[in-house]
2 protein chains.
Amino acid sequence: MGRWQPDARGRLEKAAMELYRERGFENTTVAEIAERAGLTERTFFRHYADKREVLFGGSNILEQFLVRKVDEAPAAMSPMEAIVAALTGVATEIFEERHEFAQQRQAIIAANTELRERELIKLASLATATAEALRRRGVSDPAASLAAEAGMAIFKIAFDRWVNGPAERPLSDIIQESMQELSAVTTPGQSATSESLAGQGV
Amino acid sequence: MGRWQPDARGRLEKAAMELYRERGFENTTVAEIAERAGLTERTFFRHYADKREVLFGGSNILEQFLVRKVDEAPAAMSPMEAIVAALTGVATEIFEERHEFAQQRQAIIAANTELRERELIKLASLATATAEALRRRGVSDPAASLAAEAGMAIFKIAFDRWVNGPAERPLSDIIQESMQELSAVTTPGQSATSESLAGQGV
């Protein structure tokens, strides 16, 4: 059992996701996940600190990736353009290939209050880190905070639409569409219903 | 001790806020709050379910008030106008008189992870309820969700600026200013720094 296990992490993730869906996150133990994956609990804990990390282990990578994309955005980009570029970069390089996993993960999180709260905290942390990255670009407050919060609102809503839609529709397209819709919604004097947007070729 | 206590709730709130600031939320017991207020624990529990409710007991009132304001906004108002009207209504009728309490509360919450998370969850719940109110006005998704999330981003940032600023500057003014700034930030081709806003009379 001490031998190297090919793709142990992938097998543990698959087993965990199956069990969370079958019996709920709260009713699944690490011992059961390891057993389903044909591995030991010890191997589980070499890959994950706890059973929640199977769902949130990617949060730090996502945050670092997003911040780096904002840092690397061309200086001529406005704060909002830099954020949308970073979000579509994240979409393309992290999420597009993982539609099924994202769907399963979303369903598991929706079924558990503690996990829903953890997801909100993750988004708030992303907003804080993104605002900080904008300040490094010389964007002052409140523009930095507002753009970062608006970016997370777009990401949250676009992600939700992507997860609940067909895999063929790229998340990056939905993010850009949501950005246009937010822009329409926040423009004074616009009613910004789907109808008025449809007329604008959105 | 069973007698009616004049303004027991106000005395308990004052005692709790003092103790949370002096020794931290996590190191304060209900027994200590009651003692400081010159009341019994039993009286405390007639007013609050637990020590966290001293800080979050107003959440339901806030949500109901905000939703009612969105419901009552004139039909001609755009989704975003309805939300800003609701937020400024909440500011005027609930918060303006409570600047010092809001400052104390914010400092207590900032010092405690659990309370910061609770505050995020409260905001997310407000966004959900506001989006629902917009749908009742006939606003379709994603405009309803985007406007609601944008509204909460404005509220969060405006509230923070109000709490950390002088009591004389009304929260409702800061909300309206933040709305204009969000609009500038999300307009394509706008860099939306404070400088460019200053030139627009914001």
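These figures come from a predicted structure and were not determined experimentally. Order of the sequence lines sets the chain letters (A, B, ...), proteins ahead of strands, with each chain counted from 1.
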For A:V185 against B:A147, the heavy-atom pair lying closest together: CG1-CB, 3.7 Å

With a 4.5 angstrom heavy-atom cut-off, could you sort out which part of A:M179 is near chain B: side chain, backbone, both or neither? side chain

Flag yes if more than 12 heavy atoms outside A:K122 fall under 6.0 Å of its NZ atom; otherwise flag no. yes

Among residues 154-162 of chain B, which ones touch chain A with a heavy-atom distance under 4.5 Å? B:I154, B:K156, B:I157, B:R161

Here the gap from B:M80 atom CE to A:L182 atom CG, rounded to the nearest 0.5 Å, amounts to 8.0 Å

Around atom CD of A:E97, are there more than 12 heavy atoms from other residues, nucleotides or ligands closer than 6.0 Å? no

Between B:E117, B:R116, B:M152, which residue shows the highest count of heavy-atom pairs closer than 4.5 Å to chain A? B:E117

Are there more than 12 heavy atoms of other residues, nucleotides or ligands under 6.0 Å from atom CD of A:E35? no

Decide if atom CD of A:E100 counts as having more than 12 heavy atoms of other residues, nucleotides or ligands within a radius under 6.0 Å. no

Can you give me the closest heavy-atom contact between B:S178 and A:L146, atom names plus distance? O-CD1, 3.8 Å

